[in-house]
Amino acid sequence: MNILDKIIERKKQEVADAKSKISIEQLKDTEFFNKPTFSLKETIKTKSGIISEFKRQSPSKGIINDKVPPLEVVSQYEKFGASAVSILTDKDFFGGSFEDILSVRNHIKIPILRKDFMIDEYQFYEAKSIGADVILLIASCLSPTQVLEFTELAHSLNLEVLLEIHSGEELKHINKNVDFVGINNRNLKDFKVDLQHSVDLKNQLPDDILSVAESGIYNEEDFKFLEEKGFDGFLMGEYFIKNENPGEKFGEFVSKMRI
Ligand SMILES: O=P(O)(O)OC[C@@H](O)[C@@H](O)c1c[nH]c2ccccc12
């Protein structure tokens, strides 16, 4: 079984447990559920275009940084011009939690992407109740019909949708309602990174869709290369988070790139 299958199997159990503890009605009754959201569609154009990520660990890299608190990191990301922050909420494989979003929500005014593996409607209500603005849909874990239905549900809750694809096969998961198409430079099944593969795929996207290059952007050349190919957004995690002071590293990067 590959890692992605393992994650999804575990996620099903996790969602079943959560459902048995807290109902959707209870989620609707939380502080953030009815608050207005922040739009990445706006900030992707007006700020740096970078969605900078907070994560402690990943299946491909193990522990990356478990020393810095989320608020310290994301406040700096905001200060230096991040269009949004991505926060992993998966616990077992990425060391995240809802608390990582809850603890920062009231302190930043840019969109938060809840980065998790969405497989069930329940998780959209959860995302909204913790104060997320954008959710990720991973094409390789869903059918095109599920992508369509989940997008409608997300929009009904005022959440924006980043649809992640990695192969030509997955182009058929795209529908005109998704807000952004992310192309993962990393294959989630074997962790290989290939930027040219992503550019080839980007050239097959509909013209009017906002595109995000995701993962494995490890230096200035990688970023420039993808920027020149016309990506609108860039999802970057490890390059910043692996440092003692990820926020400062992000600030240096933005000023060096003059974005
Ligand atoms: O740390 P990186 O290589 O810069 O990658 C960030 C982000 O793109 C990556 O965490 C990611 C992209 N899609 C995902 C899906 C699930 C888990 C993680 C991811």
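This structure is a prediction, so every number in the text was calculated from the model and none was measured. Basis for what follows: all heavy atoms, side chains included, without hydrogens, waters or symmetry-related copies. Counting convention: from 1, in listed order, for ligands and their atoms alike.
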Item to check | Approximate separation, where rounding is to 0.5 Å, of K91 NZ and R10 CZ | outcome: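 Result: 8.0 Å between the selected atoms.
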
Next on the checklist: What's the separation between atom CD1 in I135 and atom OG1 in T151, rounded to the nearest 0.5 Å?
Outcome noted: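 The distance works out to 7.0 Å.
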
Next on the checklist: Tell me which residues fall inside the under-4.0 Å heavy-atom shell around ligand 1.
Outcome noted: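 Residues near ligand 1: E53, K55, F94, K115, F117, L136, I138, E164, N184, R186, E214, S215, G216, Y218, L235, M236, G237, E238.
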
Checklist entry - Which salt bridge (charged side-chain N to carboxylate O under 4.0 Å, His left out) pairs, counting each pair once, include a residue from residues 48-63, with sequence neighbours left out? => result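 Passing the test, one end in residues 48-63: E53-K55, E53-K115, R56-D100, K61-E238.
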
Next on the checklist: Under 6.0 Å from the ring centre and within 45 degrees of the ring axis: does the NZ or CZ of K109 meet both conditions for the six-membered ring of F38?
Outcome noted: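 No cation-pi geometry.
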
Next on the checklist: Assess the residue pair K11 and E14 against the criterion (salt bridge (charged side-chain N to carboxylate O under 4.0 Å, His left out)); give the C-alpha distance rounded to whole Å, side-chain angles, the decisive distance to 0.1 Å, and a yes or no.
Outcome noted: CA-CA 5 Å; K11 192 59 61 183; E14 195 185 297; 3.2 Å; yes

Item to check | D200 and its side chain to side chain donor-acceptor pair (under 3.5 Å) partner, picked from Q196, Q204, H197 | outcome: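 Running side chain to side chain donor-acceptor pair (under 3.5 Å) over Q196, Q204, H197 with D200 returns exactly one hit, Q196.
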
